[in-house]
Number of protein chains: 2
Amino acid sequence: MPRTTTRRRRTPNPATPAGERVLAVAAELFYAHGIRAIGVDRIADEAGVTKKTLYDRFGSKDALVAAYLGRREEVWQKHLHARLAASGTSGAERLLLVLGIASDWADKNERGCAFVNAHAEIGGTDHPGNAVIRADKEYMLRLFVDLAREALSGERPGSAGPGDAGPGGAGRGECDAGAGRPDDGGPDPETIGRQIHLLYEGALTAHTTGVQPNAFATARSAAAALLAR
Amino acid sequence: MPRTTTRRRRTPNPATPAGERVLAVAAELFYAHGIRAIGVDRIADEAGVTKKTLYDRFGSKDALVAAYLGRREEVWQKHLHARLAASGTSGAERLLLVLGIASDWADKNERGCAFVNAHAEIGGTDHPGNAVIRADKEYMLRLFVDLAREALSGERPGSAGPGDAGPGGAGRGECDAGAGRPDDGGPDPETIGRQIHLLYEGALTAHTTGVQPNAFATARSAAAALLAR
DNA sequence: AGGTAACCATACTGGTCGGTATACTCGCAG
DNA sequence: CTGCGAGTATACCGACCAGTATGGTTACCT
């Protein structure tokens, strides 16, 4: 019974009761006040845990931050797909529903996108959390592109396999994303998906900063217009 | 000859050589590394100034942060209008040019929108910088709405005055911003301006986080499509 | 001549930062 | 019964935090 290398655990796994409490408290405080604004002492205190335990579980504050972001991504994606699956929608409706779900989510998470906020603090460094941020952004972009493809191809609920995609390199080119000329003939799903992704990202910040309280409704109407061309 | 109450200056004005140096250094460091990541000691050091001088000019770190944001807003708005005025464009072209200017700006400012980043760190508090953030966001929204109005008044009938609007309070409703239904008849300029503002905000974060390197080109094509409906 | 604004330099406060060290207790599985 | 993982408690480290105190040096403006 090879129990995953029972011995020798250099990088600790935080899946213990105390570790869970730490992660829960860290998630709440980091999100509400920012990463740099919260010290490990306070997290340990509010989790009812000693600093030693915190460091035994996570190794460093940076690792704890990365764990916080990873947990956040996991929860959001699970929530999103649960509501998406329960809706039974398809085609354009399904794509627009994503904006509706994000709207509800944003109402309950008044500090906005945790990944954008974290990027403001740790972006441009070699912080381990950056990988998680990038992964989430990439994921949402792909989701919108895939849903746009389904919406425009006569609504096929099929898996549509995006072709492994793979992490690959950073820049991929996408060759100008269809300039400004009114190519009314047929804007490809990739472009429309990317456009709607921008509406999604924009609605998140516009909603959070308070400039556009109804940002998601506005984004929805714009997305519908882009799909209906 | 009342020279603005020559005596008694409780709130200092930072318009002195040393003050300018402090502000310049602060702007660079705050933008590049974040507000909480930079201490006043380092700012004073790199500006070749003592901490005493820094506090004589600005009073507190929070006030210095607010000054940094104010300066940033000023520079951006001046740059934007200079390029806008030099272009001689009008109508839809003029609106799309804003996205082009923002694209160039974003290429030179790789850490993204200073106000979004600052909001991630001080949002939700009573920090004096929040007023500046809000003002900038509001300004860009108004700009897009006004330009959308100009762009659409030249080709579409029924100007449909939105009714004074005015600054008023925070929430203004805007009554659902035209839900999802395909009201192809005529989307009002206010709504289109708001939609394009979302594209602008989204492009900023998508470009900065690296998910969409060509975010502004994509935003441009989407904005053109929304205007050409 | 004297006042004052704008600077310099050094030193200090009380607190917090991320991270480590030491030593002890508990429950469980070999 | 022993060894170990998970946890407790306390104390410590050097560095940095925002902000203040004291005192001295220019240069300009009445």
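Letters A, B, ... mirror the listed sequences (proteins, then strands); counts begin at 1. Heavy atoms only: backbone and side chains are in, while hydrogens, waters and symmetry mates are out.
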Between [atom2] on [N] and [atom1] on [X], what's the gap in Å once rounded to a whole number?
X       : N      : atom1 : atom2 : result
B/Lys52 : C/dC12 : NZ    : C1'   : 15 Å
B/Arg36 : C/dG18 : CZ    : C1'   : 16 Å
A/Arg42 : C/dG18 : CZ    : C1'   : 17 Å
A/Asp56 : C/dA21 : CG    : P     : 12 Å
B/Asp41 : D/dT20 : CG    : P     : 13 Å
A/Tyr55 : D/dC13 : OH    : C1'   : 13 Å
B/Ile43 : D/dA18 : CD1   : C1'   : 11 Å
B/Lys51 : D/dT22 : NZ    : C1'   : 15 Å

Does B/Glu74 come within less than 4.0 Å of B/Lys78, counting only side-chain N to carboxylate O? yes
SB check B/Glu190 B/Arg194 (cutoff 4.0 Å): yes
D/dG7, D/dC17, D/dT20: which one has an atom nearest the side-chain heavy atoms of A/Arg57? D/dG7
Let me have DNA chain C in dot-bracket notation, would you? Count Watson-Crick plus G-U wobble pairs, both distances under 3.5 Å, and use [ ] for pairs crossing earlier ones and | for inter-strand partners. ||||||||||||||||||||||||||||||
B/Thr218 vs B/Ser221, side chain to side chain donor-acceptor pair (under 3.5 Å): CA-CA, chis, key distance, verdict: CA-CA 5 Å; B/Thr218 304; B/Ser221 69; 5.5 Å; no
Under 4.0 angstrom between [X] side-chain N/O and [N] OP1 or OP2:
X       : N     : answer
A/Thr50 : D/dT8 : yes
B/Thr16 : C/dA5 : no
A/Thr53 : D/dT8 : yes

With a non-hydrogen cut-off below 4.0 angstrom, is A/Ile38 in contact with a base, only sugar-phosphate, or nothing? sugar-phosphate
In a table with atom names and distances, give each donor-acceptor pair under 3.5 Å that connects a side chain of residues 101-108 of chain B to protein atoms at least two apart or in another chain.
{"unit_1": "B/Asp104", "atom_1": "OD2", "unit_2": "B/Arg83", "atom_2": "NH1", "d": "2.7"}
{"unit_1": "B/Asp107", "atom_1": "OD1", "unit_2": "B/His207", "atom_2": "NE2", "d": "3.4"}

Would you say CD of A/Glu110 has more than 12 non-hydrogen atoms from neighbouring residues, nucleotides or ligands within 6.0 angstrom? no
Among all residues two or more places apart in sequence or in another chain, which pass the side-chain hydrogen bond (donor to acceptor under 3.5 Å, both in side chains) test with A/Arg42? A/Glu46
Polar side-chain atom of A/His119 near backbone of A/Phe115 as donor-acceptor pair, under 3.5 Å: no
